2 protein chains.
Amino acid sequence: MLRVQNSPRRRYREQVIGEIKQAALAQIDAGGPGALSLNAVAKTLGVSGPALYKYFRNRDELLTVLLLDAYDDVAGAVRETLEATADEPARHRLWALAAAFLGWAAAQPHRFALIAGTPLPGYEAPPESVGKARAVLGPFLTVLAQGRPAPVAGSLTGQLGEWAATTPAVADWVRTWAPDGDPALLLTTVLSVWSRLHGVVSLTVHGQFTGMGFDPAALLRAEMDAVADRLGLD
Amino acid sequence: MLRVQNSPRRRYREQVIGEIKQAALAQIDAGGPGALSLNAVAKTLGVSGPALYKYFRNRDELLTVLLLDAYDDVAGAVRETLEATADEPARHRLWALAAAFLGWAAAQPHRFALIAGTPLPGYEAPPESVGKARAVLGPFLTVLAQGRPAPVAGSLTGQLGEWAATTPAVADWVRTWAPDGDPALLLTTVLSVWSRLHGVVSLTVHGQFTGMGFDPAALLRAEMDAVADRLGLD
DNA sequence: GCACTTTGGTTAGAGGTTGTAACCATCGTA
DNA sequence: TACGATGGTTACAACCTCTAACCAAAGTGC
């Protein structure tokens with residue numbers, strides 16, 4: 001009877017970890033990732049500061065867990081949107097995916113800041129975050145493949161084709177989401193989507209568009225329209 | 001004989017302020033804006049921590065000064081590029097402006113983080129930073145006006161036209177850099193440029209493109225090409 | 001059932017931060 | 001020359017991250 005994974009003690013530990021994460025997120029919500037204080041989290045839970053080190057090796061590990069959770073969360077939102085729009089024209093799906101991302105980020109700007117590569121002193125995102133970012137962008141590949149991706153002038157498409165040819169994980173990723181697509185062309189386009197998405201979302205949640213009288217969702221839609229036009233998406 | 005602005009004491013004060021800023025930038029360089037420690041700056045200068053409060057009201061004020069300096073610096077780089085490319089075709093000018101911005105940010109990623117709206121606990125960028133951001137984008141308006149800016153589908157162009165019509169500072173800004181341009185159309189386009197620029201640069205300096213085998217400058221060029229195509233820029 | 005191990009908590013404390021108050025020396029001004 | 005401004009100091013409050021040592025309770029194996 002192997003009970004290692006299911007005991008009162010195990011359940012207690014999971015519960016406490018959940019409470020720690022919750023309290024930590026509330027703090028990050030109020031002041032950004034840099035405002036995370038293990039002491040303040042501990043006070044919220046009614047334990048001493050050092051008690052938290054029984055659950056997380058250090059502050060960075062807690063940040064890492066929160067970051068990976070955030071990725072999973074937004075990836076889930078995007079994937080659900082892909083599924084929910086299965087019957088819609090590709091252009092609409094692209095809008096919806098982008099809107100889902102923007103909506104997620106606007107609802108939790110500081111979680112977005114966690115995944116956006118925001119510099120934190122001494123902190124470095126873990127290697128796994130690369131795979132998580134691909135999970136977020138995967139659904140976009142599916143939609144982009146419904147158009148006719150084209151190369152761009154310059155060296156970019158060639159460089160990306162090289163990358164796909166020499167990195168099996170990347171080729172697999174593209175194949176998973178767009179089985180019949182050309183990796184170099186799809187990477188070229190998804191990179192464009194990613195940087196535009198990131199640009200609009202980042203400027204939005206960091207308040208840089210404040211006072212400018214326009215709706216960031218309208219800008220994002222226009223940017224996705226420009227992508228769709230290039231692809232010949234209906 | 002009014003000597004208030006020019007005395008040994010005044011000059012000493014300016015020198016010390018300069019040294020503080022320099023030491024602060026070195027720290028930010030090493031660990032990002034959040035790593036700024038007034039104590040460590042003081043130690044670098046061989047004075048006590050509280051001595052710095054004679055020059056800056058608090059840490060935020062030092063961050064603000066550094067942020068405004070960074071804006072002036074990058075705005076200068078972009079403006080110089082505009083002037084240096086006066087004889088080139090508009091498309092090349094657009095490339096050059098974007099490349100100047102990327103080059104500046106890549107050379108000092110943490111100064112870029114300062115102006116990019118990176119969340120810092122309790123810190124809020126000052127109102128003047130809006131005008132500074134416009135100084136950075138102004139030269140782009142000049143180049144964009146050499147093409148035929150067009151509206152985009154959706155509400156964006158209308159919203160931006162409304163903003164320009166109700167905000168004299170914005171209308172003045174557009175007129176300063178593109179005297180004969182249509183504000184709504186130019187704002188629509190410069191917003192697109194800004195978000196693409198920000199997207200590529202931000203992902204670049206935050207290391208999110210690391211290991212992907214392509215040159216971010218090639219991506220940025222492709223994005224500016226897409227803008228130029230839309231404008232009919234030579 | 002008992003002895004040992006593991007887990008989960010505590011306190012004490014080191015070394016760091018930001019910022020204030022009080023004090024003092026020096027310079028500048030009226 | 002007296003007073004005010006400037007520029008420095010130390011002491012300290014309140015906060016941070018994290019480690020070490022200790023102890024109580026739960027879990028495990030014989």
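Only heavy atoms go into these numbers, but all of them, side chains included; no hydrogens, no water, no symmetry mates. Order of the sequence lines sets the chain letters (A, B, ...), proteins ahead of strands, with each chain counted from 1. Everything numeric in this text was worked out from a predicted model, so none of it was measured.
Between the side chain of B:Arg93 and the backbone N or O of B:Leu82, at least one donor-acceptor pair lies under 3.5 Å. When atom types are taken as modelled, the side chain of A:Gln159 and the backbone of B:Asp215 share a donor-acceptor pair closer than 3.5 angstrom.
To the nearest angstrom, P of C:dG19 lies 10 Å from CG of B:Leu36. Rounded to whole angstrom, the span from the CD atom of B:Glu19 across to the P atom of D:dG7 amounts to 13 Å. Whole-Å rounding puts the A:Arg11 CZ to D:dA26 P distance at 15 Å. Distance CZ (A:Arg10) to P (C:dT6): 16 Å, rounded to an integer number of Å. A straight line from CG of B:Leu120 to C1' of C:dT17 spans 15 Å, rounded to a whole angstrom.
The phosphate of D:dT17 has OP1 or OP2 within less than 4.0 Å of a side-chain N or O from A:Ser37. Listed pair B:Tyr12 / D:dG8 meets the phosphate criterion, a side-chain N or O lying under 4.0 Å from OP1 or OP2.
Among the candidates A:Leu197, A:Val201, A:Leu97, A:Leu219, the single residue satisfying the side-chain contact (heavy atoms from CB on, under 4.5 Å) test with A:Leu102 is A:Val201.
Aromatic ring centroids of B:Phe101 and B:Trp194 lie 6.0 Å or more apart.
When all heavy atoms are compared, the tightest approach of B:Trp177 to B:Leu141 is CB-CB, 3.9 Å. Closest approach of A:Tyr71 and A:Ile115 over heavy atoms only: OH-O, 3.2 Å.
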Hey, what are the protein-to-nucleotides 2-6 of chain D N/O distances that come in under 3.5 Å?
| unit_1 | atom_1 | unit_2 | atom_2 | d |
| --- | --- | --- | --- | --- |
| D:dT6 | O4' | B:Arg9 | NH2 | 3.4 |
| D:dT6 | O2 | B:Arg9 | NH2 | 3.3 |

Verdict with supporting geometry, B:Ile17 and B:Phe56, side-chain contact (heavy atoms from CB on, under 4.5 Å): CA-CA 9 Å; B:Ile17 287 178; B:Phe56 295 93; 3.9 Å; yes
Intermediate values then yes/no, side-chain contact (heavy atoms from CB on, under 4.5 Å), A:Trp104 and A:Arg111: CA-CA 9 Å; A:Trp104 182 90; A:Arg111 280 179 98 196; 3.8 Å; yes
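Against DNA chain D, the stretch residues 21-35 of chain A makes no heavy-atom approach under 4.0 Å. DNA chain D is contacted by A:Leu38, A:Asn39, A:Ala40, A:Pro50, A:Tyr53, A:Asn58, A:Arg59 of residues 38-59 of chain A, taking any non-hydrogen atom closer than 4.0 Å.
Under the salt bridge (charged side-chain N to carboxylate O under 4.0 Å, His left out) criterion, A:Arg221 pairs with no residue at all, not counting sequence neighbours. Take A:Glu61 and apply the salt bridge (charged side-chain N to carboxylate O under 4.0 Å, His left out) test, not counting sequence neighbours, and it matches A:Arg57. For B:Asp172, the salt bridge (charged side-chain N to carboxylate O under 4.0 Å, His left out) partners are B:Arg175, not counting sequence neighbours.
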